[in-house]
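One-based numbering, in listed order, for ligands and for the atoms of each. Just so we're clear, the structure is a prediction, and the values are computed from it rather than from any experiment.
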Amino acid sequence: MITIEALKNLYGGGEVIVPTITWNSDLSSVIRMGFKPVFVDINLKNLSMSISEILKKINSKTKAVFITHVLGFNALNQKLISELKKRKIVLIEDVCESHGAFFKNRKLGTYGLISNFSFYYAHHLSTIEGGMISTNNFKIYNHLLMLRSHGILREIKDVKLKNKTIKKYKNFLSEDFIFPIKGYNFRNTELGAVIGINQLKRLNKNNIIRNRNFQFFLKNLNNDKYIVNFDTKGMSNYALIIVFKKKYANLSFRKKFERVLKKNKVEFRRGTAGGGNQLRQPYLSEHLIKNHYKKFPNSEYVHNFGYYLGNFPKLTLTKIKKLCVLVNKI
Ligand SMILES: Cc1ncc(COP(=O)(O)O)c(C=O)c1O
């Protein structure tokens with residue numbers, strides 16, 4: 001919400017290129033701020049936005065590309081970064097499902113002008129609820145400090161701007177209670193910070209185990225039935241991903257697959273984290289033309305035949321092997 005509000009307040013309106021596989025808040029914020037969302041299909045190698053499709057949809061009205069790194073994958077490539085830089089288009093990263101993942105030698109979340117991390121308890125690092133925004137831009141940073149704290153001036157670190165504003169209103173406003181912009185209360189708590197800082201110490205180690213688990217899972221999956229050739233370079237795996245191969249992509253196999261998992265008490269989610277192809281979700285219906293979702297075949301494919309199962313540092317290889325034997329038999 002406040003990432004997109006800062007974008008609007010400081011850079012103006014226009015179009016924002018967004019994925020069809022992402023989370024509700026990424027799209028709701030874009031729409032609420034009056035931007036036009038321009039949807040892009042995913043690619044099946046990393047379940048994130050197809051970069052060739054992004055490049056096709058960029059035009060003179062494009063203000064930003066809001067990319068989601070899905071389930072721990074890196075979604076960036078150099079061509080996209082160079083093109084956005086050349087055309088002065090803002091990159092925003094959603095790293096909520098990919099804490100610690102890399103592109104080249106830098107972590108995700110350091111490429112975007114503004115990047116978002118979620119610390120909801122299902123993620124790599126948790127403060128139960130909460131999250132983080134990262135930016136190297138001092139103006140955006142100060143704007144966000146106000147946005148998250150009721151729009152109040154006293155939060156900002158820009159001393160020059162603070163003093164100038166205090167001076168401007170000194171005859172009729174108390175300096176601790178000047179509200180230059182409309183704001184929210186989106187602050188994390190001290191308690192959350194204590195939990196988060198302690199988890200941070202274990203993040204790298206945990207991510208190595210998560211990646212090891214995922215590689216072991218892919219190695220043991222039946223590659224006749226399930227896709228295993230994902231682009232895992234730089235990944236910080238979030239979950240064990242199962243996408244059916246084309247010849248098994250039908251409703252009867254799907255029914256059988258879900259029946260077996262349920263019977264064996266294996267929890268799963270179909271369609272990736274955010275409820276699959278967002279264009280099928282009711283919250284977007286008034287913004288779309290009828291059957292718009294059909295124009296995004298890869299998102300549709302994952303929506304219908306893509307799953308994830310939990311991955312976590314304490315999950316043993318023995319259990320993963322057992323899981324593979326179970327799904328390979330279906
Ligand atoms: C890709 C992505 N973005 C954003 C969010 C929202 O995060 P939060 O629940 O911290 O607002 C999620 C939630 O799981 C997510 O998966």
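- The nearest protein atom to atom 10 (O) of ligand 1, hydrogens excluded, is given as S118 OG, 2.5 Å; this is a heavy-atom distance.
- For ligand 1, the atoms closer than 4.0 angstrom to any heavy atom of T68 are 1 (C).
- A distance below 6.0 Å separates the ring centres of Y308 and Y238.
- Among protein heavy atoms, the minimum distance from atom 3 (N) of ligand 1 is reached at D94 OD2, 2.6 Å.
- Listed by atom number, the atoms of ligand 1 under 4.0 Å from D26 heavy atoms are 3 (N), 4 (C).
- When distances from atom 14 (O) of ligand 1 to the protein are checked, a heavy atom turns up under 4.0 Å.
- The closest approach between a heavy atom of H69 and any atom of ligand 1 is not below 4.0 Å.
- Geometric assessment of K246 against the ring of Y301 yields a positive cation-pi assignment under the 6.0 Å and 45° thresholds.
- When atom types are taken as modelled, the side chain of H143 and the backbone of F138 share no donor-acceptor pair closer than 3.5 angstrom.
- Taking any N or O of H123, backbone or side chain, at least one lies under 3.5 Å from an N or O belonging to ligand 1.
- Short contacts between ligand 1 and G130, defined as distances under 4.0 Å to a heavy atom of the residue, involve ligand atoms 10 (O).
- A distance below 6.0 Å separates the ring centres of F117 and H99.
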Run the numbers on F296 and H292 for ring-ring contact (aromatic ring centres under 6.0 Å, His included), then give the verdict. CA-CA 8 Å; F296 303 88; H292 197 50; 5.5 Å; yes

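- The protein non-hydrogen atom at the shortest distance from atom 16 (O) of ligand 1 is E97 OE2, 2.5 Å.
- Between the side chains of S252 and N250, a donor-acceptor pair is found at a separation under 3.5 Å.
- The ring of F244 has its center closer than 6.0 angstrom to the ring center of Y307.
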